[in-house]
Participant: 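Got a structure for you, written out below as structure tokens; questions coming shortly.
Positions are given from 1 along the sequence.
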Amino acid sequence: MSFLLKRIAEKRIWKRIFIERLTEPFHLNCIAFFVFIFGSFRQKVAFDLVLRPYHAFAILKACDAAKKQGLKKIKILEFGVANGAGIMNMIKIAEKVTKTTGVAIEIIGFDSGKGMPDPKDYKDHPEYYNTGDFPMNKELLLQQINNKATIIFGDIKESLKAFEETLTSDAPIGFVSVDVDYYSSTTETLQLLKAKASNFLPLTYVYFDDTFMEHHNSKCGELLAIKEFNQENEFRLIEQHNFLSNSRIFKHANWIKQLYYLHVLDHEKRFNTNKTREAYVLDNPYLKFEGNQRKLD
């Protein structure tokens, strides 16, 4: 609770509340107040009442999908752990999601543990990020995590080679948070998404943190890495869901535009192997029926 109160006291949080929340319909904010006090975890996710709502939404959706497929466990990943606020939030959310869905969650973070490396060129947005940014208090963070998550330290490219060999289809990746800032680091991170199709959910959620500032553009940073990934891969597509905001109660939140879907186009679950079901039949109220059947009014 003290952490939440400290966060609320920050000026930028008040600015976000004003822009994203208080511009929404008054009656929805009134309902949200009662949901915050009396609502279930799932209801609070629907009303964006969970800290880092993009984590809550994506992890809950991934576990719901896994449960529907008969899976008992998924993996969720964070690239760019920094001082650990994100991965610690994931731990808390994962506990509630598992309680809600019954699906177990393995949390794995990736970080050099040394802060940001040198930017390579303009594509790495040196106007925003530089060498040594976002260092980690490694000893304290590992103590606080207390084995509830795993952090793999080292160069991303080298770490992923070994990590990919540990992936299994019975605990696929369901959510990936990408917060490595640089174009060069993001391209290395996205190499993992080329792994064997069964190592992912058919629809895997991917959050890109560094896409929302004025200088972020499709010729630099994470946005360029996404574009190039899509151009280079026939059976993988990272894309926004154009109608996600339509399905949300509160539609002004920035995270809605930062959440992407990884479409694993060669995943076996995408192919309809259920040949025994009856064919779908569309209703047509304009058709006339004779005898005892329904007639058109």
Side-chain angles (χ1 to χ4, degrees), residues 12 16 20 52-55 57-59 62 75-87 89-90 108-112 114-136 152 154-160 163-164 173-195 200 203-233 236-242 244-245 253-264:
R12 65 186 181 88
R16 177 174 291 182
E20 295 186 7
R52 299 193 184 226
Y54 45 90
H55 281 168
F57 172 83
I59 295 170
K75 293 181 177 68
I76 62 175
L77 314 179
E78 181 181 45
F79 290 93
V81 175
N83 214 25
I87 202 166
N89 172 262
M90 284 174 138
I108 303 143
F110 296 82
D111 200 283
S112 69
K114 301 175 182 178
M116 298 280 287
D118 294 334
K120 294 185 177 180
D121 57 27
Y122 72 93
K123 295 178 185 177
D124 282 344
H125 282 300
E127 71 273 25
Y128 284 138
Y129 320 111
N130 214 330
T131 311
D133 284 348
F134 316 122
M136 175 189 293
I152 299 174
D155 177 75
I156 290 177
K157 188 175 182 180
E158 295 302 317
S159 297
L160 287 181
F163 176 71
E164 187 175 339
I173 297 168
F175 172 60
V176 181
S177 175
V178 180
D179 188 7
V180 293
D181 306 300
Y182 289 166
Y183 159 78
S184 55
S185 300
T186 305
T187 55
E188 293 175 349
T189 296
L190 296 186
Q191 295 305 304
L192 176 66
L193 305 188
K194 300 178 183 180
F200 302 91
L203 191 65
T204 297
Y205 299 88
V206 186
Y207 173 80
F208 289 94
D209 187 70
D210 303 294
T211 59
F212 68 95
M213 291 194 284
E214 288 184 341
H215 287 280
H216 287 146
N217 64 82
S218 61
K219 286 194 174 183
C220 300
E222 292 179 354
L223 292 173
L224 175 60
I226 293 168
K227 183 171 71 173
E228 290 181 347
F229 177 90
N230 288 335
Q231 291 171 343
E232 295 167 3
N233 293 279
R236 300 286 189 278
L237 179 66
I238 302 172
E239 195 168 66
Q240 291 172 312
H241 177 24
N242 291 333
L244 176 58
S245 62
N254 281 350
W255 71 263
I256 292 174
K257 294 181 179 179
Q258 293 171 273
L259 189 70
Y260 287 67
Y261 292 12
L262 170 67
H263 298 271
V264 185

Participant: Out of curiosity, Leu203 CG to His241 NE2, how far, rounded to the nearest 0.5 Å?
Facilitator: 9.0 Å
Participant: Is a side-chain N or O of Glu164 found less than 3.5 angstrom from the main chain of Leu192, in a donor-acceptor match?
Facilitator: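 No, because the side chain of Glu164 does not come within donor-acceptor range (under 3.5 Å) of the backbone of Leu192.
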Participant: Checking Tyr260 side chain against Ile226 main chain: does a donor-acceptor pair fall under 3.5 Å?
Facilitator: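 Side chain of Tyr260 to backbone of Ile226: no pair is present.
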Participant: Any side-chain to backbone donor/acceptor pair from Asp210 onto Asp181? Under 3.5 Å, distance only.
Facilitator: yes
Participant: Considering non-hydrogen atoms only, spot the tightest contact between Val180 and Glu222 and give its length.
Facilitator: N-OE2, 3.8 Å
Participant: Would you indicate whether the side-chain heavy atoms of Asn233 and Lys194 approach each other to under 4.5 Å?
Facilitator: yes
Participant: To check you understand the geometry: which heavy-atom pair defines the closest contact between Leu77 and Met90, and what is its length?
Facilitator: O-CE, 3.7 Å
Participant: Rounded to the nearest 0.5 Å, how far does CG of Asn254 lie from CD of Gln258?
Facilitator: 6.0 Å
Participant: Please name the pair of heavy atoms, one in Leu190 and one in Ala225, separated by the smallest distance, quoted to 0.1 Å.
Facilitator: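 Nearest pair, atom of Leu190 first, then Ala225: CD1-O, 3.7 Å.
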Participant: I want to check something: taking the side chain as every heavy atom from C-beta on, are Asp155 and Ser112 in contact at a cut-off of under 4.5 Å?
Facilitator: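 Counting from C-beta outward, Asp155 and Ser112 never come under 4.5 Å.
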Participant: Determine the minimum heavy-atom distance between Ala62 and Gly174, stating which atoms define it.
Facilitator: CB-O, 3.6 Å
Participant: So, for Phe134 and Met116, which heavy atoms are closest and what is the spacing to 0.1 Å?
Facilitator: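 Scanning both residues completely, I find the closest heavy atoms to be CD1-CG, 3.7 Å.
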Participant: May I ask you to decide if the ring planes of Phe57 and Trp255 are parallel, tilted or perpendicular, using 30° and 60° as cut-offs?
Facilitator: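 Rings of Phe57 and Trp255: tilted, 30 to 60°.
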Participant: Please check this pair: side chain of Arg236 against backbone of Leu193, looking for a donor-acceptor N/O pair closer than 3.5 Å.
Facilitator: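 Present.
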Participant: Carefully, step by step, assess Cys220 and Tyr183 under the rule side-chain contact (heavy atoms from CB on, under 4.5 Å).
Facilitator: CA-CA 6 Å; Cys220 300; Tyr183 159 78; 5.9 Å; no
Participant: Measuring only between side-chain heavy atoms, which start at C-beta, is Phe110 closer than 4.5 Å to Leu160?
Facilitator: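 Yes - at least one pair of side-chain heavy atoms lies under 4.5 Å apart.
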Participant: Ignoring hydrogens, what is the shortest heavy-atom contact between Gly109 and Val81? Give both atom names and the distance.
Facilitator: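 Nearest pair, atom of Gly109 first, then Val81: CA-CG2, 3.8 Å.
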Participant: Would you compute the distance between atom OG of Ser177 and atom CG of Asn89 and round it to the nearest 0.5 angstrom?
Facilitator: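 Output value for this atom pair is 9.5 Å.
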Participant: Anything under 30° is parallel, anything over 60° is perpendicular, the rest tilted; go ahead and classify Tyr128 against His125.
Facilitator: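 The rings of Tyr128 and His125 sit tilted, inter-plane angle from 30° to 60°.
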Participant: Roughly how far apart are Phe175 CZ and Tyr54 OH, rounded to 0.5 Å?
Facilitator: 8.0 Å
Participant: Verify, without hydrogens or angle tests, whether Asp111 (side chain) and Gly80 (backbone) share a donor-acceptor contact under 3.5 angstrom.
Facilitator: no
Participant: Can you tell me how far the NE2 atom of His55 sits from the CG atom of Leu259, to the nearest 0.5 Å?
Facilitator: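 It comes to 10.0 Å.
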Participant: So, Tyr205 versus Tyr261, ring centres under 6.0 angstrom or not?
Facilitator: yes
Participant: Taking Asp124 for the side chain and Ser184 for the main chain, is one N or O donor matched with an acceptor at less than 3.5 Å?
Facilitator: yes
Participant: With the side chain counted from C-beta on, respond yes when Phe212 and Lys257 share a heavy-atom pair under 4.5 Å apart, and no when they do not.
Facilitator: no
Participant: Atom CG in Asp209, atom CG in Asp179: separation rounded to 0.5 Å?
Facilitator: 4.0 Å
Participant: Is it the case that the side chain of Asp133 and the backbone of Tyr129 share a donor-acceptor pair, with hydrogens and angles ignored and the cut-off at 3.5 Å?
Facilitator: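 Flag not set: sc Asp133 to bb Tyr129 has no pair under 3.5 Å.
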Participant: Do any N or O atoms from the side chain of Glu188 and from the backbone of Ile156 form a donor-acceptor pair under 3.5 angstrom?
Facilitator: no
